[in-house]
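Because the structure is predicted, anything quoted here is derived from the model rather than measured.
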Amino acid sequence: MLVQQLALVDCNNFYVSCERLFRPDLTNCPVVVLSNNDGCVVSRSNEAKALGIKMGQPWFECKAVAEQHGILALSSNYPLYADISNRVMSVLRTFSPRSEIYSIDECFVDLSGTPNLRAQSYALREIIGKWTGIPVCVGIGSTKTLAKLANYVAKKHPRSRGVFNLNDLSEEQLRRLLSQIPVGEVWGVGSKLSRRLSELGIDTVLELREAHSPTLRAAFGVVMERTQRELLGQPCIELEQVAPDKQQIMSSRSFGRPVTELAILQDALSVFVANATEKLRSQNGKTSLVQVFLSTDRFRKDLPQYHPGMAIPLPSPTSDSLLINRWVQQAAQWLWRPGYRYKKAGILLGAITSALNGQHDLFEESASPVSPLMQTLDRLNTRFGRGTVRLSSAGLTRQWEMRQERKSPAYTTDWDQLPGV
DNA sequence: TCTCCGATTAGAC
DNA sequence: CTAACGGTCTAATCGGAGA
């Protein structure tokens, strides 16, 4: 039985690469993209990495280095990245009928049975580059975990020219390679587990692969055992060709400035309800548990802290934003205590069930998956832009909105923002 | 003592 | 000048409540 040739295709520095598509002048310049609220660095060009900017680092901490070396920081532009991602994924689909979109910038592609795999892998890189302008690396292995690891090698070693296939190595070569990779590079092993593994003398991927499994399982549980088996080439994590429906849907945001008025908080919450319920309806779901939470600024140890939240079980599953919003607004009044500077709030829709072919409640008015009013609302907002029709408590002031002072134009999704049109 | 369930932890990106 | 630190999601595990 031949081993699986599973590829992980990962876009290089994805958000930065998207920005560069429309700003070729940024090639070879240090560039970073910031998270919401211009808070943390979430994507770095190679030049920015070389200057020591860390993934997830708060931007204000980088300011000094940034000014010294002229690093350009951009606010994140998610509609742009989603659009480019879709293009990349469409091209990838032409290489294999079996694939899984793993994240906005990563895709597993089953290339088993592909003739001339080496050449095809390089061709894949070329074509994605030519058709979308996004540079990618390809890692190939016999399991997802090994494909991920191969991708790490492809990214790390320039000599690979962006493609690395672990299946091409002899056992001897493989062991030598794995003995040089820190265990923290393995998919599923983060900083906490790295440290605990290290205490047991497991520092490299090879040591994890060859560790005593029962001991490993006893100390770390089934997840680590699976990871070990995957490193040994036994597939334990299946390719998920269709994305499963969400089990919970969250909408939350840090505010651009501290919120000290209930009305402003309520305005924000109504927007969160609109966003979350739209997602819920797009998967034909209904929720019967709504959670609401607020929070002061956890980083301000000098200020009084308050992080309340409450869960509201609904009498019957629904996807009606008006109904859900009434509960959320009520919750806000319960949770609100004056005198605090609120920095963040959010809602979470849980206990999600499918409105399709599921049995419905005796007391539900209609068997229709989504009420006609909600359908109309979604259509209008899709057609004319998000927020065209909004909840009545969603005021027009938006005094809570996040800061995004460095945003690039919506090149691909808004004609008005294209230069020279 | 067992089972269930909500909260917590750890991870990914 | 000062203050300036993301958002969504899943699975496993923990620990208390109630049977």
Paired stretches of DNA chain C - 3 or more consecutive Watson-Crick or G-U pairs, each distance under 3.5 Å: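 Ordered by first number, the stems with DNA chain C (at least 3 consecutive pairs each) read B:1-13 with C:7-19.
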Reading 5' to 3' through nucleotides 11-19 of chain C, protein heavy-atom contacts under 4.0 Å coded B for base, S for sugar-phosphate only, - for none: SSS------
Any side-chain donor near an acceptor of the partner, A/Thr318 and A/Asp320, under 3.5 Å: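 No, no side-chain donor-acceptor pair sits under 3.5 Å.
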Stepwise side-chain hydrogen bond (donor to acceptor under 3.5 Å, both in side chains) test for A/Asn77 and A/Glu19: CA-CA 9 Å; A/Asn77 186 346; A/Glu19 297 289 348; 4.7 Å; no
Starting from [atom2] on [N], measure out to [atom1] on [X] and report it in whole angstrom.
X        : N      : atom1 : atom2 : value
A/Ile237 : C/dT10 : CD1   : P     : 16 Å
A/Ile312 : B/dG6  : CD1   : C1'   : 16 Å
A/Trp187 : C/dT10 : CH2   : P     : 15 Å

N/O to N/O distances under 3.5 Å, protein versus nucleotides 4-8 of chain C:
from: C/dA4; atom 1: OP1; to: A/Arg300; atom 2: NH1; distance (Å): 3.2
from: C/dA4; atom 1: OP2; to: A/Arg300; atom 2: NH1; distance (Å): 2.9
from: C/dC5; atom 1: OP1; to: A/Lys343; atom 2: NZ; distance (Å): 3.4
from: C/dG6; atom 1: O4'; to: A/Ser35; atom 2: OG; distance (Å): 3.0
from: C/dG7; atom 1: OP1; to: A/Ser254; atom 2: N; distance (Å): 2.8
from: C/dG7; atom 1: OP2; to: A/Ser254; atom 2: OG; distance (Å): 3.0
from: C/dG7; atom 1: O3'; to: A/Arg253; atom 2: NH2; distance (Å): 3.1
from: C/dT8; atom 1: OP1; to: A/Arg253; atom 2: NH2; distance (Å): 2.6
from: C/dT8; atom 1: OP2; to: A/Ser252; atom 2: N; distance (Å): 2.6
from: C/dT8; atom 1: OP2; to: A/Ser252; atom 2: O; distance (Å): 2.7
from: C/dT8; atom 1: OP2; to: A/Ser252; atom 2: OG; distance (Å): 3.1
from: C/dT8; atom 1: O5'; to: A/Met250; atom 2: O; distance (Å): 3.4

Ring pair (Phe, Tyr, Trp, His ring centres under 6.0 Å): pairs with one or both residues in residues 180-210 of chain A, sequence neighbours excluded: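 Sorted result for residues 180-210 of chain A: A/Tyr102-A/Trp187, A/Phe108-A/Trp187.
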Ion pair A/Lys155/A/Asp10, N-O distance below 4.0 Å: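 Salt bridge between A/Lys155 and A/Asp10, a charged N being under 4.0 Å from a carboxylate O: yes.
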Pair A/Lys144 + A/Glu100, salt bridge at N-O below 4.0 Å: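 Yes.
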Can you list the residues that meet the salt bridge (Lys or Arg N to Asp or Glu O under 4.0 Å) rule with [X], with sequence neighbours excluded?
X        : answer
A/Arg406 : none
A/Arg196 : none
A/Glu225 : A/Arg217

Output field: ring centroids A/Tyr15/A/Tyr78 closer than 6.0 Å: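 They qualify: ring centres under 6.0 Å apart.
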Near-ring test A/Trp336/A/Tyr342, centroid separation under 6.0 angstrom: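 Aromatic pair counts; centres sit under 6.0 Å.
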Sugar-phosphate, base or nothing in reach of A/Val33, heavy atoms under 4.0 Å: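 The answer is nothing, as A/Val33 stays clear of every strand by at least 4.0 Å.
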For A/Leu231, the option from A/Leu178, A/Leu206, A/Leu149 that meets side chain to side chain contact (heavy atoms under 4.5 Å, CB included):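 Only one option passes, and that is A/Leu149.
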Sequence neighbours excluded - side-chain hydrogen bond (donor to acceptor under 3.5 Å, both in side chains) pairs with any residue from residues 39-62 of chain A: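 Every pair satisfying side-chain hydrogen bond (donor to acceptor under 3.5 Å, both in side chains) with a residue in residues 39-62 of chain A: A/Asn13-A/Asn46, A/Asn13-A/Lys49, A/Arg20-A/Glu47, A/Ser45-A/Glu47.
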Near-strand residues of residues 98-111 of chain A, defined as heavy-atom separation under 4.0 angstrom from DNA chain B: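 Output list: A/Tyr102, A/Ser103, A/Asp105, A/Glu106.
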DNA chain B contacts made by residues 206-213 of chain A, counting heavy atoms under 4.0 Å: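 By residue number: none to list.
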Pairing residues for A/Trp334 by the ring-ring contact (aromatic ring centres under 6.0 Å, His included) criterion, not counting sequence neighbours: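 ring-ring contact (aromatic ring centres under 6.0 Å, His included) list for A/Trp334, sorted by chain: empty.
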A/Thr296 side chain reached by A/Pro304 side chain, heavy atoms, under 4.5 Å: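 Contact flag for A/Pro304/A/Thr296 side chains = no.
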A/Asp38: side chain to side chain donor-acceptor pair (under 3.5 Å) partners, not counting sequence neighbours: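 For A/Asp38, the residues satisfying side chain to side chain donor-acceptor pair (under 3.5 Å) (neighbours in sequence not counted) are A/Ser75.
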